[in-house]
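Since the structure comes first, as structure tokens, the remarks are kept for the end.
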Amino acid sequence: MKKLILVIALAVSASGASAFAYDYRHENHTGYVALGRDGLDRRVERLNRMLSHVRGELSRYRGDWRLRREVDRISVRVNRVNWRYRQDYDSRRLRGEIDSLRAELRNIEVRLHVRGGDYYRWD
């Protein structure tokens, strides 16, 4: 009997499954997970994805040299935000910079005359 219990315990631990059930019905979550520094990591990640998305649209919609130069300038600022985030810079100030960069990237999308379905969704 002891060997059977030991074998079952080893099988459960080896499979990575939990031997204990958890009732999630009584959790009080808001619908999203805000990891570290009040969700700032999520904002930085989404800003990086937005920049990548706008760069793709820039080539797809054949943006002129002015827009390309502006995206390059924004890219430098996004890199600075990434560096400041890793250095534990003031999160309130970073939020302001991220919001400003988001607005600038959105403005570039509008100036490119991107079709409605191609706009980046911010959720």
Partners passing side-chain contact (heavy atoms from CB on, under 4.5 Å) against R62 (at least two apart in sequence or in another chain):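 With sequence neighbours excluded, R62 shows a side-chain contact (heavy atoms from CB on, under 4.5 Å) to no residue whatsoever.
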
If you measure from [atom1] on [X] to [atom2] on [Y], what distance do you get to the nearest 0.5 Å?
X	Y	atom1	atom2	result
Q87	N82	CD	CG	11.5 Å
R86	D41	CZ	CG	13.5 Å
L101	R106	CG	CZ	15.5 Å
L67	Y61	CG	OH	13.5 Å
R77	E104	CZ	CD	4.5 Å

Check the pair V78 / M50 against side chain to side chain contact (heavy atoms under 4.5 Å, CB included), numbers first and verdict last. CA-CA 10 Å; V78 169; M50 175 67 171; over 6 Å; no

Please step through side chain to side chain contact (heavy atoms under 4.5 Å, CB included) for the pair L105 and R102, ending with a clear verdict. CA-CA 5 Å; L105 288 169; R102 284 172 45 172; 5.9 Å; no

Please assess I74 against I108 for the test side chain to side chain contact (heavy atoms under 4.5 Å, CB included), listing each intermediate value before the final yes or no. CA-CA 11 Å; I74 290 171; I108 289 173; 3.6 Å; yes

Applying salt bridge (charged side-chain N to carboxylate O under 4.0 Å, His left out), name anything that partners R69, two or more places apart in sequence or on another chain.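 So R69 forms no salt bridge (charged side-chain N to carboxylate O under 4.0 Å, His left out) with any residue.
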
Would you indicate whether the side-chain heavy atoms of N48 and V44 approach each other to under 4.5 Å? yes

Closest non-hydrogen atom pair, [X] against [Y]:
X	Y	value
R43	D99	NH1-OD1, 3.2 Å
L40	S91	CD2-CB, 3.7 Å
S59	G56	OG-O, 3.0 Å
E97	Y89	OE2-CE2, 4.1 Å

Before giving the answer on side chain to side chain contact (heavy atoms under 4.5 Å, CB included), spell out for R93 and R84 the whole-Å C-alpha distance, their side-chain angles and the decisive distance to 0.1 Å. CA-CA 10 Å; R93 188 175 274 174; R84 287 177 177 165; 5.6 Å; no

Does the pair R49/E45 count as a salt bridge with the N-to-O cut at 4.0 Å? yes

